[in-house]
Undergrad: 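Input: one structure, supplied below.
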Amino acid sequence: PIPQPLWGTNPRTIFGKQWWAKERARALEAAKYRCQACGTPKQMARLKKRIEVHETYKIDNKAHVATYTGSVALCWACHSYIHRGRILRLTQRGLLSSKMCRRILEHGRKLIEQAGLTNELGEPPCIIEQNRHWKAWRLVIEGVSYKPVFEDYAAFLRGFNTEDEE
């Protein structure tokens, strides 16, 4: 997962809505409007009938660098599973039903199982280390380095505690 110090720092916020609209269209067309994780076409997508776009990164925890590598098309269920920390927060706040949360988690676990992979649902083991080196983290896009949007963990908590409600 993207390191916590870089949450909120992404190509969409750096380059703006026009760039994201073009990148999103490119990713959707390249995938022929099918989820690149489960293969479901938009018309048959589970839970919600839409295909979204997710950014991908190469993470170097030792160098504190996340390098943007592109974007992929995902159905809402697969995209939500990737952002399961967010769906768990939404469920805790009553903004997403427990039933929908369970369905998302079951969908993702099934895909992981089918691929012969394992995955724990907890925080990544490097989260404490990431926070210790908060200001060292950088997002790299096309060779240009960007600092985290949030100055430190306290600013991050203030910003992310309101974001889901917008």
Side-chain angles (χ1 to χ4, degrees), residues 1-42 45 48 50-90 104 107-108 111-112 115 117-164 166:
I2 192 81
Q4 196 172 36
L6 293 176
W7 288 8
T9 308
N10 55 62
R12 289 173 312 201
T13 57
I14 292 167
F15 298 130
K17 290 181 181 182
Q18 281 187 318
W19 177 89
W20 181 242
K22 288 178 186 173
E23 178 63 9
R24 187 176 178 283
R26 186 208 55 76
L28 291 169
E29 289 170 19
K32 297 182 171 67
Y33 292 84
R34 294 180 82 87
C35 177
Q36 290 180 272
C38 69
T40 303
K42 179 180 178 178
K48 290 191 180 183
R50 67 182 195 222
I51 301 293
E52 302 177 340
V53 176
H54 178 76
E55 298 121 351
T56 58
Y57 301 89
K58 179 182 176 204
I59 310 293
D60 184 336
N61 282 299
K62 289 182 181 178
H64 306 106
V65 172
T67 304
Y68 174 72
T69 57
S71 298
V72 295
L74 297 171
C75 68
W76 184 81
C78 286
H79 198 196
S80 293
Y81 183 75
I82 287 173
H83 293 289
R84 62 188 171 271
R86 181 176 184 273
I87 66 150
L88 292 172
R89 285 194 319 273
L90 291 172
I104 292 165
H107 174 75
L111 286 177
I112 300 253
L117 303 171
T118 58
N119 189 25
E120 70 283 343
L121 291 177
E123 290 291 335
C126 58
I127 199 87
I128 293 168
E129 186 67 17
Q130 289 174 356
N131 290 342
R132 185 178 301 135
H133 299 285
W134 193 280
K135 292 182 180 182
W137 276 95
R138 296 294 178 264
L139 172 62
V140 176
I141 307 169
E142 298 177 358
V144 180
S145 180
Y146 300 89
K147 294 179 182 181
V149 168
F150 300 106
E151 185 177 314
D152 55 28
Y153 187 65
F156 160 79
L157 288 176
R158 286 189 303 275
F160 265 85
N161 279 339
T162 59
E163 185 178 89
D164 291 331
E166 293 175 356

Undergrad: May I ask you to decide if Thr9's main-chain N or O and Thr13's side chain share a donor-acceptor pair within less than 3.5 Å?
TA: no
Undergrad: Does the pair Val149 and Trp7 meet the rule for a side chain to side chain contact (heavy atoms under 4.5 Å, CB included), with working shown?
TA: CA-CA 8 Å; Val149 168; Trp7 288 8; over 6 Å; no
Undergrad: Looking at every non-hydrogen atom in both residues, tell me the closest pair between Ala63 and Asp60 and how far apart they are.
TA: N-OD1, 3.0 Å
Undergrad: Step by step, work out the side chain to side chain contact (heavy atoms under 4.5 Å, CB included) result for His107 and Cys75.
TA: CA-CA 11 Å; His107 174 75; Cys75 68; 4.1 Å; yes
Undergrad: With a 3.5 Å distance limit and no angle check, can you tell me whether Gln36 reaches the backbone of Ala73 through a side-chain donor-acceptor pair?
TA: yes
Undergrad: Using a 4.5 Å cut-off on heavy atoms from C-beta on, say whether the side chain of Thr69 contacts that of Lys58.
TA: yes
Undergrad: Determine whether the side chains of Glu55 and Ser71 contain a donor N or O and an acceptor N or O closer than 3.5 Å.
TA: no
Undergrad: Ignoring hydrogens and angles, tell me if any N or O in the side chain of Ser145 forms a donor-acceptor pair with the backbone of Arg138 under 3.5 Å.
TA: no
Undergrad: Begin from the C-alpha positions of Asn10 and Phe15 and carry the test side chain to side chain contact (heavy atoms under 4.5 Å, CB included) through to its verdict.
TA: CA-CA 9 Å; Asn10 55 62; Phe15 298 130; over 6 Å; no
Undergrad: Testing the basics here: between Glu151 and Lys135, what is the closest heavy-atom pair and its distance to 0.1 Å?
TA: O-CE, 3.5 Å
Undergrad: Listed by chain and number, what are the side-chain hydrogen bond (donor to acceptor under 3.5 Å, both in side chains) partners of Tyr146, not counting sequence neighbours?
TA: none
Undergrad: Looking at every heavy atom in both Phe150 and Ala155, which two are closest together, and how far apart are they?
TA: CD2-O, 3.4 Å
Undergrad: What closest approach, in Å, do Arg12 and Trp19 show between heavy atoms, and which atom pair accounts for it?
TA: N-CZ3, 4.0 Å
Undergrad: Hey, does the side chain of Arg86 reach the backbone of His83 with a donor-acceptor pair shorter than 3.5 angstrom?
TA: no
Undergrad: Stepwise, does the ring pair (Phe, Tyr, Trp, His ring centres under 6.0 Å) test hold for Phe156 with Trp134?
TA: CA-CA 10 Å; Phe156 160 79; Trp134 193 280; 5.6 Å; yes
